[in-house]
Each structure stands twice: as C-alpha cells, then as structure tokens.
**Q** 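This structure is in structure tokens; I'll ask about it shortly.
Worth knowing before you read on, the calculation uses all heavy atoms, side chains too, and leaves out hydrogens, waters and symmetry mates.
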Amino acid sequence: MPPVRTALLVLLVATSLGAAQVARADTYATTFESGFTTGDIGGQQGWQKSGAYDVAIADDGAFVLPLQAPAAFGTRSLRVSNAVTSGSFGDQTFSPSLAEPAGETTSVGGGQASESAPRHNRFELSFTFASAQPGAEQSGLATTLSPDRGDGARMSFLRLRDTPTGLAVDFIDTPDPSVELSGGQYHVNFVQQTVRNLDRTVAHNVRLVLWFVEGADNDVAQLYVDDMTTPKLVGTTWENYDRNDDEASGGGNLVPLTDDLLIRASSTAQPTLTGRGFLLDDLSISSSTATAPPDPELGPTGATGATGANGTNGTNGMSGTTGAAGPAGPAGPAGTPGASAGTEAAGAASGSPVRIAGVRIVRGTLRVRLSCPKAAGLCDGRVRVRTKRGTLLGTPLFDADGGQTVTAKLRLSRAALALAGTNGAALRLVAISRNQRGIAARTVRRPV
Ligand SMILES: [Ca+2]
Ligand SMILES: [Ca+2]
Ligand SMILES: [Ca+2]
C-alpha cells in the first residue's frame, strides 16, 4: 500500500462515553512498502533526516538469522537503532507533516506547522514495532518517538527499549506545572512510567493519543500497548514544560503545535547495534477533533476544609487578625493508574536518584556527600535542608558526573546549628536531581 495522506471523515466511537462523534481528520499513514527503497530514510516520501543516524528502510526478506522481520511487516519496514546518537534535534528523523496540526487555539507553529490551517484538539500516533533480533536481547537498544512540529518542540515522549526481561515502552510527561530552582533555572519535573516485560519474539501495537485541552495543566495523554481498548498508561502532554520551564522561555513559554513525528537517537551510542535495532511498520499520525476524556488528575472534590484557627496576636501591641475560614478542600489526588499487569506506577522509574553517602558538620558547615549512579550519566540538583519542624535552612546545589561522589555544602547559622543535631542527624534532607535525560528523581533522608 502506498503512503497516503488524506483528509477524510472518520467515525470515532468514544467507548468511554458511549457516544459516537464525527471528526474530520488529517492522516499520514504508511507501511513503508511501495515508493520506498532500501536504505537511508532521509529524503524518501517526505521523510527528513540529515544526520548519520542508523534509521533506514529495511529489506525484510534479506535479514539473516538471528535477524528477522515479522511476516506481517511485508517486504519493507523502518529499521531504527541508537548505533549513532547525538543531543541535537534538527538533523534527526522526522515524518512528513500533516496539513492540519493539533494544538490549542494559542499554540504556535514556529515556522514548522501551519498556523492558518484548520486546527484539531487530538493527535494520534500509532505503529507496530518488533525487535529485529527476536531471539535475544540487544543490550542498550533504545529509540525515542515524539509527537513534534518539526524542530524538536516535543509534546510527548515514548522510548522503546530492549531489556533482559523483554521489550519496554517508557512514557514521560510533566504532570505538575510547579517549578523548582535548579542550576539557576526553574524547571518542572519529568515523570516516567513504563510498560515492561513485552514478549521480544512478537510484534507489538502502540497507540499514543494526545488531547490538547484549552487552558493550562489539563491536557490528557493515553498510551495503548497491544490492547487498543483500554489505555495502559494515562498522563498529560508536555504543556506544563512549555508553559513553565525556563528551558522553554526561548520560545516565549508558548505551547507548540503538533503535526509530525520525531524519531530521535540520543543518549549513549551503541555502535554494535548498527544494522540491527527495532523494526517499525504500519505507522500513522493523524489530527482530529473530538470530545476529550476527563482530566485524570481531577479526582472527586474533597470535603470542605475545617475552619482555620484564630490568628496569633501581632507583635508591638497590634492585634493579629482573625484567621480566615479554611479554604474548601482541594480536589482529591489523581487516581493512580490501574495495576494492570506489566505496568509500573508513576514515578517509580523516574530518573536516577542520588545516594546520600554521608552527612557531617565541619566548623559550622553542613557537608552532604552525594553519590551519582554511573547509569545516570550526570546528576544535577540540589538538597533541601529542613529542620525537624520543616523550617527550610537552605538549598545547596550539586553537579556530579555519573559514578562520581560530590559534597553539597551549606553554612549553618548558630541557631540552625542548635537544631541540626550531631552531624546533622536531626535534619530532613531531600535531594532532587536530574539525570542526563533530564528526568528528575528524589532521595529523602529523614531525621533520626
Ligand atoms: Ca511494511
Ligand atoms: Ca511540521
Ligand atoms: Ca491545555
């Protein structure tokens, strides 16, 4: 089947609502068969790739064991490995763009997606993937896929990995709009969830649906793996990053439109995987307009909060004001994803926590020794130092390479020293650290 890009009417059956809606969709779909030739994907059928990454149209019939393609992939598929990687975006692999992007009314194209074309609130990526070496693990194999607009302004993130226990799909989002200071900049927290232990000997179907909902902190992302009726993972897009993170300030903290797919090879290169990797087939991206599912972060409304206590009297003879009535209880917490088999809870796999290797006080300075795991690549973060009662004493920064141990230092006042206990034993320490991939993790040492 040749690649098709067409605007068509589709009937979307919103099973969760039990209602049917008609949505106009713009779709690009391909099985990488006719029109493609074996070799570099760059320049073929509207695909872009100018870097020397190992992303190519494979001749599925030419594989020699232990390499093998699923019969369902036909004569050609897209082979992707991380034999060559870089930190760049513009020279990586991009699919053709949709004519009609997806985003909010305020989302921006940045010259990469049409701002004048009809705009949709839903973006769907779907594909089938398999290991090119189904009989044994390809150690270190990983590739990332992101709905994008053509320049690395990603709105979501999937990573396919091979692991000793099977294939895995990582999903990373930014569930919380709040920022924390690190390295002189304010950053949101990236959280990883993983669908793991997928059978390496068969192909798997993946569908990622992004719902761009007008307003802040309310987008919805649904990740389906193999079961196309119930999402394995539910989260949000990267809008909280775009709107709030200092890294996105260069774009004016505006949310990008989405109209294509970025396949990116980053992190540590695995040269031995040249000519191997994952095979992708039956790939499509589409934009459409439909009714979004409810924001999974909004649980039921909590009970009304208790009335606040009276204010304390002010100093210098001024009476303190009476405390205001307590605010209404906040919305309940987000429901955790269901405990479906092979699914890992949010945050459990997030980042690479540092180890607090030792705490001392030397001549009035708190010294916190932090070990950065080698696998993290680097640990960039800070330690929140609080008393037992929660008073923040300071937030020393640290920056370590993977495998390195560094010391974060905080000069303590006389009053703080009195509360710190012997060698800081009475202090609560929370180390928040980003690894090479920018994923944050938290390590807590409670007071004794
Ligand atoms: Ca094919
Ligand atoms: Ca584009
Ligand atoms: Ca939104």
Side-chain angles (χ1 to χ4, degrees), residues 28 30 32 40-44 46-58 77-98 110 112-113 123 125-127 129 131-132 138 140-162 167-174 190 192-194 206 208 210 221 223 237-238 241-242 245 247-248 250-251 256-271 273-281 283-285 351 377-378 434-439:
Y28 168 80
T30 181
F32 302 106
D40 193 337
I41 182 71
Q44 295 201 50
W47 285 75
Q48 293 176 40
K49 169 185 163 295
S50 57
Y53 307 104
D54 186 31
V55 182
I57 298 293
S77 57
L78 182 64
R79 188 187 54 73
V80 179
S81 89
N82 52 337
V84 179
T85 61
S86 85
S88 64
F89 290 89
D91 64 345
Q92 302 252 3
T93 305
F94 292 90
S95 77
S97 295
L98 299 172
Q112 303 287 337
F123 183 89
L125 161 68
S126 76
F127 59 92
F129 81 103
S131 170
Q138 298 180 71
L141 173 60
T143 190
T144 79
L145 299 97
S146 288
D148 191 86
R149 67 181 182 189
D151 58 356
R154 299 167 288 181
M155 285 305 290
S156 187
F157 183 99
L158 296 180
R159 180 170 45 225
L160 311 179
R161 285 187 291 127
D162 199 352
L167 305 180
V169 182
D170 296 328
F171 168 77
I172 293 177
D173 70 350
T174 60
F190 286 85
Q192 177 177 316
Q193 304 176 69
T194 300
V206 175
L208 175 66
L210 304 182
L223 176 65
T237 67
W238 281 24
Y241 168 80
D242 295 304
D245 200 294
E247 281 176 5
L257 285 168
T258 300
D259 73 344
D260 54 43
L261 168 68
L262 164 61
I263 300 176
R264 186 162 182 260
S266 60
S267 200
T268 308
Q270 305 288 345
L273 297 180
T274 302
R276 303 195 285 162
F278 288 117
L279 302 177
L280 306 184
D281 207 56
L283 183 146
S284 75
I285 56 173
L378 61 85
R434 272 169 194 281
N435 65 14
Q436 194 169 33
R437 291 174 176 150
I439 305 165

**Q** Atom CG in L257, atom CE in M155: separation rounded to 0.5 Å?
**A**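 Going from CG on L257 over to CE on M155, the span is 9.0 Å.
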**Q** So which heavy atom on A221 is nearest to which on F171, and how close?
**A**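 It is CB-CZ, 3.7 Å.
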**Q** Could you check whether atom CZ of R437 has more than 12 heavy atoms from other residues, nucleotides or ligands sitting under 6.0 Å from it?
**A**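 No, CZ of R437 has 12 or fewer neighbouring heavy atoms, counting only those of other groups under 6.0 Å.
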**Q** Yes or no on side-chain contact (heavy atoms from CB on, under 4.5 Å) for Y28 and S97, after CA distance, side-chain angles and deciding distance?
**A** CA-CA 8 Å; Y28 168 80; S97 295; over 6 Å; no
**Q** Measuring only between side-chain heavy atoms, which start at C-beta, is N82 closer than 4.5 Å to T143?
**A**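 No; the side chains remain at least 4.5 Å from each other.
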**Q** Rounded to the nearest 0.5 Å, how far does CZ of F190 lie from CG of N435?
**A**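 Answer rounded to 0.5 Å: 11.5 Å.
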**Q** Looking at every heavy atom in both R264 and S86, which two are closest together, and how far apart are they?
**A**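 Taking every non-hydrogen atom into account, NH2-O, 3.9 Å.
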**Q** Does the R434 side chain pair with the main chain of L378, one donor and one acceptor, at a distance under 3.5 Å?
**A**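 Here the side-chain-to-backbone pair does not exist.
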**Q** Verify side-chain contact (heavy atoms from CB on, under 4.5 Å) between L280 and L160, making sure each step is shown before the conclusion.
**A** CA-CA 11 Å; L280 306 184; L160 311 179; 4.1 Å; yes
**Q** Run the numbers on Y53 and I263 for side-chain contact (heavy atoms from CB on, under 4.5 Å), then give the verdict.
**A** CA-CA 10 Å; Y53 307 104; I263 300 176; over 6 Å; no
**Q** As a test of understanding, state which of T144, V206, I172 forms a side chain to side chain contact (heavy atoms under 4.5 Å, CB included) with L158.
**A**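 The side chain to side chain contact (heavy atoms under 4.5 Å, CB included) with L158 is passed solely by V206 among T144, V206, I172.
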**Q** For D162 and Q138, test the side chains for any donor-to-acceptor distance below 3.5 angstrom and give the result as yes or no.
**A**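 Side-chain D/A pair, D162 to Q138: absent.
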**Q** Any side-chain to backbone donor/acceptor pair from Q92 onto A265? Under 3.5 Å, distance only.
**A**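 Between the backbone of A265 and the side chain of Q92 there is a qualifying donor-acceptor contact (under 3.5 Å).
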**Q** I need the S146 OG to R159 CZ distance, nearest 0.5 Å.
**A**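 Here the rounded value is 10.0 Å.
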**Q** Looking at side-chain heavy atoms only, is the closest gap between L261 and F94 below 4.5 Å?
**A**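 Heavy-atom side-chain distance check fails, nothing below 4.5 Å.
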**Q** For S267 and T85, does a side-chain donor sit closer than 3.5 Å to a side-chain acceptor?
**A**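 No donor-acceptor contact under 3.5 Å links the two side chains.
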**Q** Rounded to the nearest 0.5 Å, how far does CG of L283 lie from CZ of F129?
**A**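 Rounded to the nearest 0.5 Å, the CZ-CG separation comes out at 12.5 Å.
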**Q** Between D170 and T194, do the side chains contain a donor N or O and an acceptor N or O under 3.5 Å apart?
**A**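 Short answer, yes.
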**Q** Taking atom types as modelled, find out whether S81 and Q270 have a side-chain donor-acceptor pair closer than 3.5 angstrom.
**A**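 No, Q270 and S81 have no side-chain donor paired with an acceptor closer than 3.5 Å.
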**Q** Determine yes or no for a side-chain-to-main-chain donor-acceptor pair under 3.5 angstrom, with D260 supplying the side chain and G150 the backbone.
**A**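 Present.
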**Q** Between D281 and L279, does a side-chain contact (heavy atoms from CB on, under 4.5 Å) hold up when you go through it step by step?
**A** CA-CA 7 Å; D281 207 56; L279 302 177; over 6 Å; no
**Q** Side chain of W238, backbone of A153: donor and acceptor closer than 3.5 Å?
**A**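 Not at all, since once roles are kept as given, no pair shorter than 3.5 Å links the two residues.
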**Q** Rounded to the nearest 0.5 Å, what's the gap from CG on D259 to CG on D148? Could you check?
**A**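 The CG atom of D148 is 8.0 Å from CG of D259, to the nearest 0.5 Å.
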**Q** Among side-chain atoms of S50 and D91, is any donor-acceptor pair under 3.5 angstrom?
**A**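 No, no side-chain donor-acceptor contact under 3.5 Å.
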**Q** I need the D40 CG to W47 CH2 distance, nearest 0.5 Å.
**A**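 With rounding to 0.5 Å, CG (D40) is 12.0 Å from CH2 (W47).
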**Q** So, are D54 and R79 salt-bridged, with charged N and O less than 4.0 Å apart?
**A**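 So D54 pairs with R79 through a salt bridge.
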**Q** Could you tell me whether the side chain of L262 reaches within less than 4.5 Å of the side chain of D151, counting heavy atoms only?
**A**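 They are not in contact (no side-chain heavy atoms under 4.5 Å apart), so the answer is no.
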**Q** Show the nearest heavy-atom pair for residues F278 and R161, with the distance to one decimal.
**A**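 In terms of heavy atoms, the two residues are closest at CZ-C, 3.6 Å.
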